[in-house]
Amino acid sequence: MRHHLFTLGCFGAAITLYVLGEQHHAGLLIAAGGLSELLGWKRLLSRKGRS
């Protein structure tokens, strides 16, 4: 269950970074949101640890 919380946290951080990036017109925040979302999808679709 702990792994799912980390993945959910990645998506939550991505949404937060996207919103802050749009409000402040900061491309680096948007890019960080993209990296966070990419990490979340990678963890979600990874086959490691599946039974």
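The line from CD of Gln23 to NE2 of His25 is 9.5 Å long, rounded to the nearest 0.5 Å. The line from CG of Leu35 to CD1 of Ile30 is 12.5 Å long, rounded to the nearest 0.5 Å. Taking CH2 from Trp41 and CG from Leu38, the interatomic distance works out to 11.0 Å, rounded to the nearest 0.5 Å. Atom CD of residue Glu37 and atom CG of residue Leu39 lie 11.0 Å apart, to the nearest 0.5 angstrom. Atom CG of Leu44 sits about 5.5 Å away from atom CZ of Phe11, to the nearest 0.5 Å.
Gly33 and Ala14 get closest at one heavy-atom pair: O-CB, 3.4 Å.
Heavy atoms of other residues, nucleotides or ligands lying less than 6.0 angstrom from CG of Leu28 number 12 at most.
The backbone N or O of Ala32 lies less than 3.5 Å from no partner atom in the side chain of Ser36, so there is not a single donor-acceptor pair.
Residues passing the side-chain hydrogen bond (donor to acceptor under 3.5 Å, both in side chains) test with Thr7 are Arg43, sequence neighbours excluded.
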